[in-house]
Number of protein chains: 2
Amino acid sequence: MEENARASNEAEGEPDETAAAGALELDRFLPYRLAVLAHEVSRALSSIYRDRFGLSVPEWRVIANLGRHQPMSSNRIAELGSMDKAKVSRAVARLVEAGLITRETDARDNRLIVLKLSARGRRIHNKIAPLALAWEAELLDALTPDERESFDRLVAKLQTRAEALRERG
Amino acid sequence: MEENARASNEAEGEPDETAAAGALELDRFLPYRLAVLAHEVSRALSSIYRDRFGLSVPEWRVIANLGRHQPMSSNRIAELGSMDKAKVSRAVARLVEAGLITRETDARDNRLIVLKLSARGRRIHNKIAPLALAWEAELLDALTPDERESFDRLVAKLQTRAEALRERG
DNA sequence: CGTCCCTCGTTTTAAATGCAACAATTCGGA
DNA sequence: TCCGAATTGTTGCATTTAAAACGAGGGACG
């Protein structure tokens with residue numbers, strides 16, 4: 001049923017049979033599992049603020065960032081969330097349009113754009129935040145407190161490493 | 001510099017001031033961090049098979065799945081990777097076009113489509129797999145063996161929980 | 001000053017995405 | 001047996017995305 005796995009050991013240089021030894025088992029391949037998990041988590045969580053407040057993922061991320069640190073530039077939000085600056089730019093445009101944030105240029109550096117939550121934006125943020133935290137709590141119910149702390153730490157380590165790898169190319 | 005954080009405690013029922021207590025700190029909000037990490041990891045890894053083999057993420061995922069379990073239906077690949085079936089369908093179409101996989105209907109159930117790697121597909125898989133594993137190894141260098149095992153286990157737990165939450169609504 | 005280079009954010013464009021509609025097929029129960 | 005429900009994969013469509021080009025500033029250095 002799997003006998004054709006070696007049917008392709010042909011001349012092509014490079015790795016080949018080698019792959020059979022240290023085989024790629026998708027079930028244990030971290031990038032894959034990370035992507036699947038993150039996708040499902042994001043999907044479930046985003047339905048909360050999409051259904052009730054009509055916000056997209058990038059829009060909510062802008063609000064969530066401003067909810068924590070204010071004011072903040074588009075560029076900084078993009079960096080923090082590893083989002084394309086174009087994506088942030090559009091999310092910001094829609095949020096300004098919807099009256100949830102304010103956008104003005106920095107007095108000292110006219111390239112910079114100073115973003116803040118409007119009163120209405122703050123209100124919506126304060127409604128969504130507890131829902132988001134409650135959902136997270138349900139997810140984290142799968143782990144013990146020790147495990148949560150451990151997971152947190154490991155994610156941070158991997159994040160740091162991933163950034164280092166990116167800079168190195 | 002942050003004094004306007006409470007400038008919006010108005011009448012709107014529901015959570016509000018409450019949010020200030022159990023505040024949403026994005027830096028510690030798991031769904032957000034997971035998304036950021038997964039995005040960076042995926043981005044870095046995908047550049048490997050995109051640059052050298054012209055494969056998109058969904059395309060590589062189809063190949064990676066078939067590299068492990070063969071044959072496999074489109075639907076199963078979609079389920080395993082929490083991908084939209086349309087996304088898989090299109091990736092499959094391109095891979096068939098490129099001659100990397102074969103597609104035939106199941107004899108017993110004509111709705112099912114039986115996917116297999118072609119010789120060429122297997123060859124490409126066997127070239128990419130070691131590169132992917134090497135990249136993963138570099139990432140995991142940030143963790144000790146114990147930590148890796150721990151992380152693996154915790155991801156699995158969260159994955160299970162996330163699925164349970166999805167089914168529940 | 002003036003020139004060159006860098007940064008921030010927007011816009012443009014082609015490709016990818018999610019969702020819903022759809023056809024084909026199978027399955028279960030009256 | 002027959003009809004309605006469920007499943008599998010494809011397609012159409014509107015939206016979103018990534019990547020690159022772009023415009024407007026800013027800063028360094030002659």
Side-chain angles (χ1 to χ4, degrees), chain A residues 35-36 38-40 42-47 49-51 54-62 65-66 71-98 101-116 166, chain B residues 35-36 38-40 42-47 49-51 54-62 65-66 71-98 101-116 166:
Chain A
V36 171
H39 181 258
E40 292 206 356
S42 169
R43 197 175 161 69
L45 181 62
S46 66
S47 73
Y49 49 77
R50 182 173 45 75
D51 294 350
L55 294 176
S56 70
V57 175
E59 283 159 18
W60 159 245
R61 283 195 182 179
V62 168
N65 270 287
L66 293 178
M72 204 179 233
S73 73
S74 287
N75 200 40
R76 179 126 187 75
I77 293 177
E79 282 174 2
L80 288 176
S82 92
M83 287 193 284
D84 193 292
K85 58 185 179 175
K87 189 191 272 189
V88 175
S89 175
R90 287 185 178 111
V92 164
R94 277 176 301 220
L95 291 172
V96 170
E97 170 85 17
I101 68 176
T102 63
R103 166 175 54 181
E104 35 186 305
T105 61
D106 187 295
R108 283 175 294 188
D109 185 341
N110 285 325
R111 294 170 304 177
L112 287 181
I113 287 193
V114 177
L115 301 174
K116 294 180 192 169
R166 173 163 52 77
Chain B
V36 170
H39 181 259
E40 291 207 356
S42 170
R43 195 174 162 70
L45 181 61
S46 66
S47 72
Y49 49 77
R50 181 173 44 77
D51 294 349
L55 294 176
S56 70
V57 175
E59 284 159 16
W60 159 245
R61 282 194 183 179
V62 168
N65 270 286
L66 293 178
M72 206 179 230
S73 74
S74 287
N75 200 42
R76 181 127 186 74
I77 293 177
E79 283 175 1
L80 289 176
S82 91
M83 287 193 282
D84 192 292
K85 58 185 179 174
K87 188 192 272 189
V88 175
S89 175
R90 286 178 179 122
V92 163
R94 276 177 301 220
L95 291 172
V96 169
E97 170 86 16
I101 67 175
T102 63
R103 166 174 55 182
E104 37 186 303
T105 62
D106 187 296
R108 284 175 292 188
D109 185 341
N110 285 324
R111 293 171 305 180
L112 286 180
I113 286 192
V114 177
L115 300 174
K116 294 180 192 167
R166 175 163 50 79

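Remember, it's a predicted structure, so these values are computed and weren't measured experimentally. Letters A, B, ... mirror the listed sequences (proteins, then strands); counts begin at 1.
Phosphate proximity of C:dA16 to B:Arg94: present, with a side-chain N or O under 4.0 Å from OP1 or OP2. For C:dC8, the OP1/OP2 oxygens have no side-chain nitrogen or oxygen of A:Asn110 closer than 4.0 Å. For B:Lys87, a side-chain nitrogen or oxygen approaches OP1 or OP2 of C:dG18 to under 4.0 Å. In this model, the phosphate group of C:dG18 is not approached by any side-chain N or O of B:Arg90 to a distance below 4.0 Å at OP1 or OP2. A:Ser89 has a side-chain polar atom (N or O) that falls below the 4.0 Å cut-off from OP1 or OP2 of C:dT10.
Each of A:Glu59 and A:Asp84 has a nearest nucleotide on DNA chain D; the 5'-most of these lies closest to A:Glu59. Where A:Asp109 and B:Arg50 meet DNA chain D, the nucleotide closest to each residue was compared, and B:Arg50 sits on the side nearer the 5' end.
Salt bridge status for B:Arg43 with B:Glu40: absent, with no side-chain N to carboxylate O gap under 4.0 Å. Salt-bridge formation is not detected for the pair A:Glu97/A:Arg94: no Lys NZ or Arg NE/NH1/NH2 atom is positioned less than 4.0 Å from an Asp or Glu carboxylate oxygen.
Counting only distance, with no hydrogens or angles, the side chain of A:Ser42 and the backbone of A:His39 share no donor-acceptor pair below 3.5 Å.
Taking only side-chain atoms of A:Arg111, from C-beta outward, the nucleotide of D:dT8, D:dT10, D:dG25 with the closest atom is D:dG25. Comparing C:dG9, D:dT7, D:dA19 against the side chain of A:Asn75 picks out C:dG9 as the nearest.
If you check every strand for non-hydrogen atoms under 4.0 Å, B:Ala78 touches nothing.
Looking only at side-chain heavy atoms (C-beta outward), A:Met72 and A:Leu80 come within less than 4.5 Å of each other.
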